[in-house]
Amino acid sequence: MASLKPKIEEKRWKPELELEIQKVWEEEDLYKFDLDSDKPKFSIDTPPPYASGKWHAAAAIHYSQIDMIARTMRMKGYEVYFPFGVDRNGLPVEVETEKRYKIRMFEYPREEFLELCRKFLDEAEMDILSISKRLGLSADFKNYFQTDSEMWRAVTQATFIYAWNKGYVYEDYRPNNYCPRCKTTLADAEVEYKEMPTKLVYLKFRVEGSDEEVVVATTRPELLPACEAVIYNPEDKRYKWLKGKRVITPLGKAIPVMEHPYADPKFGTGLVMICSYGDRADVQLFRELKLRPTIIIDEHGRLNEKAGKYQGLTIKEAKERIIQDLKEQGFVDKVEVIQHRTPVCWRCKTPLEIIPMREYYLKQREFVDDLRKFITDKLVEFHPEWSATYWMNWLNSIDSDWPISRRRYYSTEIPIWYCKSCGKPVLPEPGKYYRPWREDPPFNKCPHCGSSEGFIGEERVFDTWMDSSISPLVYNGYMWNPKMFEKLGSSDLRPQGKDIVRTWLHYTFLRVYQLTGKPAFKHVWISGMGLDEKGRAMSKSLGNIIYPWPLFEKYGADALRFYGAAQAHLGSDFRISEEKIAGVFKFLQKLWNVSRFISHFPEPDKPERMTPTDLWILGELNEVIRDSMKGYEDFDFFDPANRVRGFVWNVFAPHYIELVKDRAYGSVPNEEEVKAARWTLHYVLRSVLKLLAPITPHITDYIWRKMYRGSVHKELFPEPRDEWDTEYLKLGKKLMEFNSYVWKLKKERGMRLSEPISLEIPEELEPFKGDIVRLHKISGAGGGI
RNA sequence: GGGCCGGUGGUCUAGCGGCUAUGACGCCGCCCUUACGAGGCGGAGGUCGGGGGUUCGAGUCCCCCCCGGCCCA
């Protein structure tokens, strides 16, 4: 048919075309959120990516999947609020800034250090924004949020003041995780564990009033000056005779021997020294056994005057020195090297110490029961369902409140001033951003004692999770846009990685519950982690980071997006392999070619009657739609991606299209049959494009705009139609097998596929006879089979 | 030590009680077909981590164990 010209002229799909379509989207402001729309609203609590370094491909894929959620909900008829924010608070940027400028934060003027951090953040932010846009995220980049903006920080402070007024905040002096390098307290959620080779030192203790010796094994000999007891397991018969006795430490101090089940008879000699504080267990044991702690480590990670001759040494130095000394004095029985799980700082990986400090705490223990109900009473829907156990496990392990003050700089300041006369804390009115370390308070009289002597500003800042844990409120207008917040409330869905359940997810639920009395979200979506080809997490130290830009250039964003969707079910980890992304690109090319072929033909009105071949493929399409929608319901894009790919590649293109080619070209006499084929081709293509639109938004919209009216992203998902669930669906497999059989047969006989062949068509395939005969050029009955 | 997830051809994956175990990528051979060599046809390659059990029948359900990943103690 010479008169048929394809609407799609380009022979190939190219990644550069994605930029073209992105420009169109921007010009049309296609994804603009309309608060006043009549549609139901759906708001997403987009994770603000941390602006501390370059994004790797795994992060890009993660965000592309969040974008798929937004697009899914739009195509289900919702008005979707998909904000974008950048996280710019906290330790990581300080650590990176120190590294880059080779400076130490505490030896640098605070104001100037903050300026350097800001510079660093601005650069990192640029990188994140450009990748996000290149990915085709349908988020609102025009009004993106920054967690260190005056507005966000004012809200953080206001929510703190509310919590304070409700009595949820208290200050306490208690042992806590402390990073000697970062010089700050850390919450349990910020502690990581690393397997490290550690010396296990066997020390001889003399039993008081006798010449007998016992041997105690310890990984922390430097804490000997702080050793206040030795324990053994009550089941351990070897040490029963020590009950009630005292032993003399190598340093000459007499301490009691006690029974406690914490002692593991199999570890070391079964005798354990209890020091203030080797680890969190020690803290508990001191409390239980009513021992008085001796604190020998200061906030710089050095031993203090209570450590006697070891004063001034770092922990590491003290350890070596004391082992040396004790060896010389004959107190060391032996030294072993064992693998020991050591708690380290999540940011700089320095081993942590347990040091008591005055810190502010936000109550969480008394809320745990209520939070558990979010899961048990199904107030929140988790995707996938089992991912709720991540949070449940964390809730079940909470045994202390959340320390929220940090001795750092680049974070939201704690809005408190202390009266110079009575020393009591005074908080300002919520609503403004306060910086007590450099500003005068907005009041001059102490409400506690009435003094006007003046105030001292608090110097500490908040844990960065204090800012991020209110993201669903800030995004949705809490305090800064009351009208919007009233309509939206807290976000509907939280998408995030499984690695920050105990921090971001938990703290958000906690704080939003404290502020609003309600669950922060209706849906929580937890994704797995993107790993390298060998299944390892990507990190600078391993040197296995895959960057997204080269992939964008070679295969485009859609290939990367589709790859992420098709690689693993929601919640499972997935590996990133360039070879497979190249494979996805081939599929996109296939989709392009299929569309180009169909674009040759005009799209007629729906004809009265379909042929059995058309009804078969429409029945297949019904199934594809049903299966895909099941995935979309759960925000799991694995099934839609794979189901549609399989359908297009293995069914629609090689079989249906081949069968109806002649009809499509108009080379059959029956006009109705021509129309039926053309209509069906277009209908299936439209449906496929719509089903793929959330996953591969560029190519689908590009094709759509070339062939049809408007944007595919303004369409709703296709729906299955009952009238197409016909008996022909069951014959489809037979039909395809027969096609393959004929192709094979011709090949075996050395025939061209266009050569006529004489064979019998199986009786059950009779309904498809016309199309089969034309496809294979079957000439009459007989012969063949 | 506990929890969660996983272990299916070289790699990745589907199947979650029923004919001969799915598909993709890769590999090998052949063909030439006008939307597409990014095509078509064919092929090699698997004791479905191991062991017990339930069942007429088990990758599929149950128990134990091993291995890997993540989280926690």
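Letters go in sequence order (proteins before strands), and every chain restarts at 1.
- Atom CD1 in A:Ile581 sits roughly 12 Å away from atom C1' in B:rC25 (whole-Å rounding).
- B:rU60 sits 31 Å from B:rG42 when the P atoms are compared, rounded to a whole Å.
- In this structure, the CG atom of A:Asn393 is 10 Å from the P atom of B:rC5, given to the nearest Å.
- One can place CG of A:Asp662 at 14 Å from P of B:rU34, the figure rounded to the nearest angstrom.
- The cationic atom of A:Arg596 (NZ for Lys, CZ for Arg) does not lie both less than 6.0 Å from the six-membered ring centre of A:Trp13 and within 45° of the ring axis.
- The aromatic rings of A:Trp525 and A:His62 lie parallel to each other, with less than 30° between the two planes, well short of the 60° mark.
- Across the C1' atoms, B:rC25 and B:rC65 are found 34 Å apart, a figure rounded to whole Å.
- Checking B:rU11 for Watson-Crick or G-U wobble geometry (two distances, each under 3.5 Å) identifies B:rA24 as its partner.
- The same atom, P, is picked in B:rU8 and in B:rG68; the two are 15 Å apart, to the nearest Å.
- In this structure, the CZ atom of A:Phe587 is 20 Å from the P atom of B:rU13, given to the nearest Å.
- Between A:Trp394 and A:His506, the angle of the ring planes goes over 60°, which puts this pair in the perpendicular group of the 30/60° scheme.
- Nucleotides B:rC67 and B:rU55, compared at atom C1', are 29 Å apart to the nearest Å.
- Look at B:rC48: it lacks any Watson-Crick or wobble partner with both distances under 3.5 angstrom.
- Across the P atoms, B:rU20 and B:rG57 are found 15 Å apart, a figure rounded to whole Å.
- With both ends at atom C1', the span from B:rG23 to B:rA35 equals 24 Å, rounded to whole Å.
- Spacing between B:rU34 and B:rC28 at atom P, rounded to whole Å, works out to 25 Å.
- Not a single donor-acceptor pair, N or O on each side, falls under 3.5 Å between the base of B:rC70 and the side chain of A:Lys498.
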I'd like to know whether A:Glu603 forms a side-chain hydrogen bond (donor to acceptor under 3.5 Å, both in side chains) with A:Tyr683, so could you lay out the CA-CA distance, the side-chain angles of the two residues, the decisive distance to 0.1 Å, and finally the verdict. CA-CA 9 Å; A:Glu603 185 180 23; A:Tyr683 188 84; over 6 Å; no
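- The two residues A:Met273 and A:Leu223 come nearest to each other via the heavy atoms CE-C, 4.4 Å.
- The side chain of A:Tyr665 places an N or O atom within less than 4.0 Å of a non-bridging phosphate oxygen (OP1 or OP2) of B:rA35.
- Each of A:Tyr708, A:Phe601, A:Trp704 was evaluated against A:His682; a single residue qualifies, A:Tyr708, per the ring pair (Phe, Tyr, Trp, His ring centres under 6.0 Å) test.
- Nearest-nucleotide positions on RNA chain B for A:Arg645 and A:Asp639 put A:Asp639 closer to the 5' end.
- A donor atom on one side chain and an acceptor atom on the other are found under 3.5 Å apart for A:Asp463 and A:Trp402.
- Residues of residues 648-659 of chain A having a heavy atom closer than 4.0 Å to RNA chain B, listed by number: A:Trp649, A:Asn650, A:Ala653, A:Ile657, A:Glu658.
- With a 3.5 Å ceiling on both atom-pair distances, the Watson-Crick or G-U wobble partner of B:rG68 is B:rC5.
- Note: A:Tyr656 and A:Trp616 have tilted aromatic rings, judged against thresholds of 30 and 60 degrees for the angle between ring planes.
- Taking only side-chain atoms of A:Phe638, from C-beta outward, the nucleotide of B:rA14, B:rG26, B:rG3 with the closest atom is B:rA14.
- Put simply, CZ on A:Phe597 is 12 Å from P on B:rU34, counting in whole angstrom units.
- Glycosidic conformation, B:rG59: syn, with the torsion inside 90° of 0.
- With rounding to whole Å, A:Gln496 atom CD is found 15 Å from B:rC70 atom C1'.
- Atom C1' of nucleotide B:rA35 and atom CG of A:Leu685 are separated by 12 Å, given to the nearest angstrom.
- Distance, A:Arg774 CZ to B:rU34 P: 20 Å, rounded to whole Å.
- Both A:Leu588 and A:Gly583 sit near RNA chain B, but only A:Gly583 has its closest nucleotide nearer the 5' end.
- Ring planes of A:Phe374 and A:Phe509: perpendicular class, angle over 60° (limits at 30 and 60°).
- Taking atom P on both B:rG45 and B:rC63, the two are 37 Å apart, rounded to the nearest angstrom.
- B:rU60: no Watson-Crick or G-U partner with both key distances under 3.5 Å is found in any strand.
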